[in-house]
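A short write-up of the structure that comes next.
In this text, all values refer to a predicted model and were calculated from it rather than measured experimentally.
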Amino acid sequence: MRNQWKKVIAVLLACMLFPFEVFSLPVMAKTTVQKPVVITNTITDATTSIQVYGEKNAVLYVKNGKKVIAKKTYSSESVKTISIKAQKAGSTLEFYLSKSGKKGLSVKKRVDKIAAQGRSKSIKSPVVSTKSIKATTTKIKVKGYKNTKLYIKNDSNKTVKSVTYTKNAVKTITIPKQTATTALYFYAVKGNKRSAVVRKAVKDNAAPAKPTVKEKSSSTIVVKGELGSAVYVKYGTKASYTKKGFITSKNGKTISGLKPDSNGYYQVKLKDISGNTSSVKKIKSKYFKKKEETKDPVYTYEITPLLPPFNSYFYVKTNNPDPASFRFVDKSSVYYGKDDAPAVIEAVDTRFMDVTYEKKSVGRVKGGYIFVSDGAVDGGKLTLQTKAASGYKDTKKTVSCPKVKGSVQYLIDTYTSSKKSFFENMDAVQKGLDELALYPRRTKDVNKKNKYWPYPFLAVSPYPELSLNDHYEMYETAEEPLLLNSLYPYILDSLGFPSTMALVAKRLDSSCKVQWGDYHYLVEVTKGKETRYYGGAGSGDSDPLYSNRVEKLFRFDGSSKDYAKGTSIRTLAEKRNAYGELAKQDAESYRDMLEGSTFSKKIGVGQWIRVAREGANASSKSYAYVTHGCVYEPGSGNRAYSVENAWVDGRYMDQYNKFVPGEKFSQHPKADIIIRDMTYTNMWGQIRRGDVTFEYDESSGCWIAWAYAAYSSSSWQTVSIEELPDEMILTPKEVAELKVDRNADKIPSGLIYDGSVKPGTPYTAK
């Protein structure tokens with residue numbers, strides 16, 4: 001305290017000596033604010049996302065000079081991806097946290113140049129034709145141009161690869177796996193000039209490397225591994241892993257207050273910001289002294305599949321009070337390879353909302369526990385294993401289990417025949433899976449409001465073939481899932497469905513070729529010279545189910561209402577569909593704001609709206625344009641639809657239905673052109689009003705609108721270009737006069753549909 005008052009006196013003296021300066025007295029509060037940790041190693045003038053670690057209940061500010069370029073709230077200690085606009089090379093970014101009105105110390109990062117050469121518009125940018133880049137990708141197709149040199153750089157501004165092009169060509173370029181990169185940057189160099197930089201996001205699908213763990217004392221360990229990863233530890237009497245902070249430096253994370261488990265071990269794993277989990281590192285404590293073993297009591301075991309004949313979940317009836325002390329292995333499974341570890345079923349760590357428990361802390365239901373398999377069990381005689389100092393050890397006891405199979409094998413056994421050809425069997429499985437598959441639906445906790453999305457919202461999809469999607473995220477996702485959903489084997493979205501069909505194809509004939517089709521929901525299967533497409537998604541909508549609608553279905557009491565006894569895939573599907581009707585009823589009260597009459601009235605003829613984004617950038621905003629258009633347009637009628645690959649109101653809308661600032665007409669010279677709120681007369685003499693879409697016509701070099709020949713009565717009318725009136729044709733000269741990219745850099749004013757406020761709230765662009 002004496003030092004604090006010395007500081008106060010020093011400030012007061014300064015005020016007397018310099019009366020025209022403004023000074024602040026130091027705040028004598030106990031609240032301290034940590035410095036943020038910028039995980040991203042290098043920031044360049046092409047960087048648009050940065051990973052930053054922050055403490056709980058703090059707000060992160062990112063500034064360039066006096067301007068705040070990003071702001072993010074941390075509701076819990078975490079590493080978050082912060083989206084920014086690319087900043088000028090040579091500038092300095094300042095990162096700091098604020099908490100309870102107090103600013104913490106800042107971290108400064110200089111913005112480096114991603115390329116030393118100056119940019120020239122005359123040099124074409126490389127075209128990256130690879131559909132998606134993953135952390136494990138090693139082959140990328142890039143189109144380059146004659147006498148240019150292609151550079152590929154990563155987030156650390158290091159050159160991943162450089163390739164010289166002696167002619168215009170598409171080359172397949174081999175690169176190392178980019179396990180610590182969120183984006184790759186491509187540009188072409190010619191002489192001392194370069195093209196614009198093309199940024200491609202890298203999807204992190206690679207698990208972190210197994211952590212390094214060292215014991216510092218009898219209660220402290222140090223964990224080293226991938227920067228930004230969360231550290232999870234299983235120790236002491238813990239039945240599951242506990243989150244213990246983040247690795248924010250090369251020195252690792254020091255964790256205290258621990259003790260090894262009953263066998264003297266710590267088990268540690270890492271989870272990166274994308275949710276990928278490392279393999280488990282086990283270390284034995286050098287301070288551990290094992291207690292003298294006591295003779296185990298005699299326990300009995302019975303194993304019953306919860307959904308026969310599937311091998312996912314089992315009910316294990318037993319008098320053993322510790323479910324973590326034993327498990328079962330299937331050493332004779334048909335899915336068990338000679339060099340593979342034996343197939344296992346063990347106690348599930350998850351607690352389910354629709355299960356009745358006797359002792360929830362250990363997961364005990366009436367008479368036993370819920371066990372889960374690794375997907376390789378096929379039943380028969382299973383060997384009981386008990387926990388030992390080095391993991392699990394075999395006992396001489398075996399327990400019978402009914403014959404079971406995996407979900408892919410079930411499809412093959414049920415729908416295929418040796419008398420049919422490969423594609424006949426694939427078609428039969430596709431038909432069967434169409435009937436079985438249900439779309440994923442999350443359960444929302446009505447007691448936990450979502451402070452980030454308190455209102456329903458629309459979001460642009462990461463898939464170009466999809467339009468704006470409805471979202472009802474007003475409540476947090478429930479911490480406990482439904483066993484109903486976990487047990488049903490065919491809950492498949494538009495990625496899960498084609499992935500299942502790909503597994504079926506390879507199981508039927510390993511020599512067939514399988515790759516993703518042109519759309520994200522299809523796989524392309526080739527055998528011989530024939531190629532067919534398979535995929536889709538489960539039936540039903542994605543309206544969330546609210547927790548107050550959930551019943552205790554799995555009672556384990558053998559009653560007539562107990563889903564743990566004698567249930568079937570049909571029974572589960574019927575109950576899930578019944579839940580779907582309840583979810584639909586609950587969502588209807590919100591749906592009108594996003595796609596009903598209320599939405600249509602707000603939109604009028606056409607309107608700009610601010611929306612959210614799906615995927616990794618879910619917290620960022622986009623701008624879409626929606627229109628009722630003319631009756632000839634697909635999806636018009638009474639519902640507004642979003643615009644794509646079109647010029648509207650002086651701005652370019654890309655194939656993902658979002659406004660892309662800065663795009664010029666020369667970059668999209670054949671995109672549609674929309675004339676807003678146009679009044680015209682159609683071929684029947686009717687006066688119409690709406691947004692009219694003009695499509696580029698290759699033969700004439702003009703843009704043609706078919707509104708003149710719009711739908712009337714009960715038939716479509718067609719006319720030739722020559723029959724269209726002048727107002728239905730835009731010549732290149734007229735397009736030039738329109739200056740379709742006149743507002744290329746201006747954020748439009750409109751209505752908000754991003755979940756932050758009530759849908760339809762007006763906003764004015766700054």
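The closest side-chain donor-acceptor pair between T81 and S49, if any, does not fall under 3.5 angstrom. Side-chain atoms of E524 and T531 form no donor-acceptor pair, as typed in the model, at a separation below 3.5 Å. There is a side-chain donor-acceptor pair under 3.5 Å between Y652 and N645. In summary, the side chains of Y452 and S75 do present a donor paired with an acceptor at a separation below 3.5 Å, with no hydrogens or angles considered. For the residue pair D672/T693, the side-chain donor-acceptor check at 3.5 Å is not satisfied. Remark: the S279 side chain and the K269 side chain contain no N/O donor-acceptor pair separated by less than 3.5 Å.
Closest approach of G144 and Y165 over heavy atoms only: N-CE2, 3.3 Å. Nearest heavy-atom pair across K527 and S511 is NZ-OG, 4.4 Å. A pairwise comparison of heavy atoms in C702 and L730 identifies CB-O, 3.4 Å as the closest pair. M678 and E727 get closest at one heavy-atom pair: CE-O, 3.5 Å. Nearest heavy-atom pair, A206 versus D272, reported as atom, atom and distance to 0.1 Å: O-OD2, 3.4 Å.
No side-chain heavy atom of V142 sits less than 4.5 Å from a side-chain heavy atom of V163. Between L184 and I140 there is a side-chain heavy-atom pair separated by less than 4.5 Å. Using a 4.5 Å heavy-atom threshold, the side chains of L270 and V231 count as touching. Using a 4.5 Å heavy-atom threshold, the side chains of P725 and Y708 count as touching. Contact annotation: the side chain of P208 approaches that of N276 to within less than 4.5 Å [non-hydrogen atoms, C-beta and beyond]. Side-chain contact between K203 and S132 is absent, with no heavy-atom pair separated by less than 4.5 Å. A 4.5 Å side-chain heavy-atom check between N469 and Y463 finds every atom pair outside the cut-off. Between M653 and V648 the shortest side-chain heavy-atom distance falls below 4.5 Å.
In this structure, K109 is not positioned above the aromatic face of F95 in the sense of NZ or CZ being under 6.0 Å from the six-membered ring centre and within 45° of the axis. Annotation: cation-pi pair K63/Y96 absent, no NZ/CZ under 6.0 Å from the ring centroid and within 45° of its normal.
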*After noting the C-alpha distance and the side-chain angles of Y185 and D155, does the key distance pass the side-chain contact (heavy atoms from CB on, under 4.5 Å) rule?*
CA-CA 8 Å; Y185 305 88; D155 283 337; 3.3 Å; yes
*Step by step, work out the side-chain contact (heavy atoms from CB on, under 4.5 Å) result for V160 and T181.*
CA-CA 11 Å; V160 174; T181 298; over 6 Å; no
*asked:* side-chain hydrogen bond (donor to acceptor under 3.5 Å, both in side chains) for T44 and N157? Distances and angles first, verdict last.
replied: CA-CA 7 Å; T44 71; N157 208 13; 5.3 Å; no
*Under the side-chain contact (heavy atoms from CB on, under 4.5 Å) rule, what do R742 and D649 come out as? Steps first, then yes or no, please.*
CA-CA 8 Å; R742 63 190 180 278; D649 201 20; 4.1 Å; yes
*Report the C-alpha separation of F246 and V37 in whole Å, then their side-chain angles, then the decisive distance to 0.1 Å, and conclude whether the side-chain contact (heavy atoms from CB on, under 4.5 Å) test is met.*
CA-CA 10 Å; F246 295 80; V37 179; over 6 Å; no
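Formation of a donor-acceptor pair under 3.5 Å by the K506 side chain with backbone atoms of C512 is found in this model. The backbone N or O of A207 lies less than 3.5 Å from no partner atom in the side chain of S278, so there is not a single donor-acceptor pair. Remark: side-chain polar atoms of T182 are not paired, donor with acceptor, to backbone N or O of V202 under 3.5 angstrom. A donor-acceptor pair is defined here as one N or O able to donate and one able to accept, closer than 3.5 Å; such a pair exists between the side chain of Q178 and the backbone of P176.
Results of the ring pair (Phe, Tyr, Trp, His ring centres under 6.0 Å) test with W608 over Y753, Y763, Y625 single out Y625 as the only residue that passes.
K158 NZ: 12 or fewer foreign heavy atoms inside a 6.0 Å radius.
Each side chain to side chain donor-acceptor pair (under 3.5 Å) pair with one or both residues in residues 110-120, not counting sequence neighbours, appears once here: S120-S122.
The aromatic rings of Y623 and F659 sit perpendicular, their planes meeting at an angle over 60°, well past the 30° parallel limit.
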